[in-house]
Number of protein chains: 2
Amino acid sequence: MEEALRAPQSAEPDAEIALGRLGDFVGFRLRRIQNQLSREFAQVTDRYQLRQGLFSALAIISANPGLSQIMLAREVGLDKSMAVMVVDELEQRGWAERRRSPTDRRRHALYTTEAGEAWLAEMFAALEVVEHDVLDALGEGDRKLLTAILDRVYKACFRG
Amino acid sequence: MEEALRAPQSAEPDAEIALGRLGDFVGFRLRRIQNQLSREFAQVTDRYQLRQGLFSALAIISANPGLSQIMLAREVGLDKSMAVMVVDELEQRGWAERRRSPTDRRRHALYTTEAGEAWLAEMFAALEVVEHDVLDALGEGDRKLLTAILDRVYKACFRG
DNA sequence: ATGGATTGTTGACTTACTCAACCTTTTCCG
DNA sequence: CGGAAAAGGTTGAGTAAGTCAACAATCCAT
C-alpha cells in the first residue's frame, strides 16, 4: 500500500498514520482487526442473505445440543431478547429447532437439524477461506500461541 | 468459574459450554473479547456521556495533526459520513477543530485543542484501568508477544 | 474550460442492540 | 402446602451505529 495506487494531487500519508498512545492498548488493535475480519465475513454471509450472529449461534448449538436460549445468549454475548430472534430465524430456515425441556418446562432445549449441520459445514469451509490470509501470515506455532493468549485474555475479561 | 457461584436450582453447565469447531477460528475469539472489552469501555464512556469512537478518533487526530477527515475515517474504519458526525461532536465539545487546508481547500485539516489533549490524557488513564485486568493476566512478555502477533494479523488483513 | 475525481456534508434508511414489561414455570422457605 | 421470589422466554418500544445515495465545492488532467 505504500507505493501502490499513487494518487496524483496530494501527498498521501496513507500508510504513515501514527497510532500514538493508542498503540499501547490491546483493545484498539483487537477492534481494528475484528472490524476488518467481520467486514470480510459479512461479504460471505451477505452472499447467503443472513444476519450476523446466526452462524456462531448455530455452531454453539451444534457443539452443545440441548442448551437453553439463555445459555446461548450468554455464550455469544447477546441479550436474551436477541437470542429469541436469532433462534426464530434459525427455526424458520429449518436449521435448528426448539423442544421443550422435559426437566424444566420453562426452557427451550435447542437442537440443530440435518439441514443445519449441512449449512454449518458449508459456512465453516467459507470461513476458512476468509481466515486463510491471516493464518498464513502467522506460522502454525504463532497461531496456537495466539489462540492460547486470547483464551487467557478472555478469561481475564470475565474474571476481573 | 467451575465451582464459584453455585446456583441452587438447576444444573448450570455455564463454564462447560463447548466451542466445537468454532474454537478453531481466530475471528470468533477476537469477537468475544472485543465485545466484552468494548462493554467495559462503554461503562467508562457512558459516565462521560459520549458516543463510542470519539476517543479513538481524537487520539488519531492527536497523533497525526492536520490529517483530513477521510484519512481519519479510513484509519478508524468508519464511513466518511460517520467521520463528519464524530468531528462535529469533537468540535462542539471544544476538543478538536477543523481548519481549511491551505494546499487543498476541499480538505479540513484536523487539530486537537488544549482541552482535547487534557481530556485525552484523562481517557487514556481510564482506559489503562479497563485493560488492567487483561494486562495482568498476561505477563509483560506475553503482552508484547500479543501486540506483535496482532500487528502481523492486521497487516495480513489488509494485504490479503 | 470541460470532464472526471476527491472531500466534505446532508438526509433517508436499515440493522443491531438495549430496556422494560409481561407470562409461565420452577424453586425457595416459612 | 402455599405464597414469594426468581428464572426462562417473548414481545414491543426505543436508541445508537452504520450504510447508502445524492449533492456542492474544489482540484486535476488533457
Side-chain angles (χ1 to χ4, degrees), chain A residues 5-12 14 31 34-36 38-39 41-43 45-46 49-57 66-91 96-110, chain B residues 5-14 31 34-36 38-39 41-43 45-46 49-57 66-74 76-91 96-110:
Chain A
L5 273 179
R6 183 151 291 285
Q9 72 279 27
S10 57
E12 62 164 19
D14 207 45
R31 181 172 174 151
Q34 207 256 330
N35 277 349
Q36 183 65 21
S38 74
R39 199 162 302 155
F41 180 59
Q43 289 180 355
T45 53
D46 275 2
Q49 306 234 25
L50 39 88
R51 55 185 337 137
Q52 290 174 329
L54 222 65
F55 162 71
S56 56
L67 93 166
S68 69
Q69 294 186 188
I70 280 209
M71 288 192 287
L72 172 64
R74 203 171 297 150
E75 187 62 20
V76 297
L78 291 179
D79 192 72
K80 55 182 182 172
S81 57
M82 284 305 294
V84 172
M85 297 196 224
V86 167
V87 176
D88 277 349
E89 188 160 343
L90 285 177
E91 239 180 0
E97 56 185 18
R98 298 180 231 236
R99 307 183 200 155
R100 283 240 96 104
S101 163
T103 68
D104 186 341
R105 298 207 341 269
R106 289 173 303 180
R107 293 193 176 190
H108 280 159
L110 304 176
Chain B
L5 273 181
R6 182 148 291 285
Q9 72 279 24
S10 57
E12 62 163 22
D14 205 46
R31 181 172 172 151
Q34 207 256 328
N35 277 349
Q36 183 65 20
S38 73
R39 200 163 300 155
F41 179 58
Q43 289 180 356
T45 53
D46 275 1
Q49 306 234 25
L50 40 87
R51 55 184 337 138
Q52 290 174 329
L54 221 65
F55 162 71
S56 56
L67 93 167
S68 70
Q69 294 186 188
I70 278 210
M71 288 191 286
L72 171 64
R74 205 172 294 151
V76 297
L78 290 179
D79 192 74
K80 55 180 182 173
S81 57
M82 286 304 295
V84 172
M85 297 196 225
V86 168
V87 176
D88 276 349
E89 189 159 345
L90 285 177
E91 239 181 359
E97 55 185 18
R98 299 180 231 235
R99 308 183 200 154
R100 281 244 90 113
S101 164
T103 69
D104 185 342
R105 301 209 338 271
R106 290 171 302 180
R107 292 193 175 191
H108 280 160
L110 304 176

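Residue numbering restarts at 1 for every chain, and letters A, B, ... go by the order of the sequence lines. Keep in mind that the numbers below use all heavy atoms, side chains included, and drop hydrogens, waters and symmetry copies.
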Separation of D:dA7 atom P from A:H108 atom NE2, nearest Å, is 19 Å

Taking the nucleotide of DNA chain C with the nearest heavy atom to each, does A:R105 or B:A109 sit closer to the 5' end? B:A109

Give the rounded distance in Å between these two atoms: CG of A:D79 and P of D:dA16. 16 Å

Indicate, yes or no, whether a donor-acceptor pair under 3.5 Å links the base of D:dA7 to the side chain of A:R106. yes

From D:dT26, C:dT26, C:dT10, nucleotide with atom closest to B:D104 side chain: D:dT26

Considering heavy-atom distances to DNA chain C, does A:T103 or B:M82 have its closest nucleotide positioned more toward the 5' end? B:M82

So, for B:L67 and B:L72, which heavy atoms are closest and what is the spacing to 0.1 Å? CD1-N, 3.9 Å

D:dT10, OP1 or OP2 - any side-chain N/O from A:Q69 closer than 4.0 Å? yes

Considering only nitrogen or oxygen atoms on both sides, find all protein atoms under 3.5 Å from nucleotides 22-24 of chain D and state each distance.
none

Take the protein atom CE of B:M85 and the nucleotide atom P of C:dG11, then report the distance between them rounded to whole Å. 10 Å

All N/O donor-acceptor pairs, side-chain side in residues 76-86 of chain B, below 3.5 Å, sequence neighbours left out:
residue : atom : partner : partner atom : Å
B:D79   : OD2  : B:S81   : N            : 3.1
B:D79   : OD2  : B:S81   : OG           : 2.6

Whole-Å distance, A:R107 CZ to D:dA6 P, equals 17 Å

Give the dot-bracket string for DNA chain D, reading 5' to 3', where a pair is Watson-Crick or G-U wobble with both distances under 3.5 Å, ( ) marks pairs inside the strand, [ ] marks pairs crossing earlier ones, | marks a partner on another strand, and . marks unpaired. ||||||||||||||||||||||||||||||

Rounding to a whole Å, what distance do you find between B:I70:CD1 and C:dT7:C1'? 5 Å

Pair of N/O donor and acceptor under 3.5 Å linking C:dC17 base with A:S81 side chain: no

Roughly how many Å is it from CZ in A:R100 to P in C:dT24, rounded to a whole number? 11 Å

When rounded to whole Å, the CG to P distance for the pair A:L78 and C:dA16 reads 11 Å

With sequence neighbours left out, the residues meeting side chain to side chain contact (heavy atoms under 4.5 Å, CB included) with A:R98 are A:Q69, A:V87, A:D88, A:E91, A:H108, A:L110

Taking B:R100 for the side chain and B:R106 for the main chain, is one N or O donor matched with an acceptor at less than 3.5 Å? yes

Atom pair distance, as rounded to whole Å: CG in A:D88 and P in D:dT11: 6 Å

Reckon A:R98 touches a base, only the sugar-phosphate, or nothing at all at heavy-atom distances under 4.0 Å? sugar-phosphate

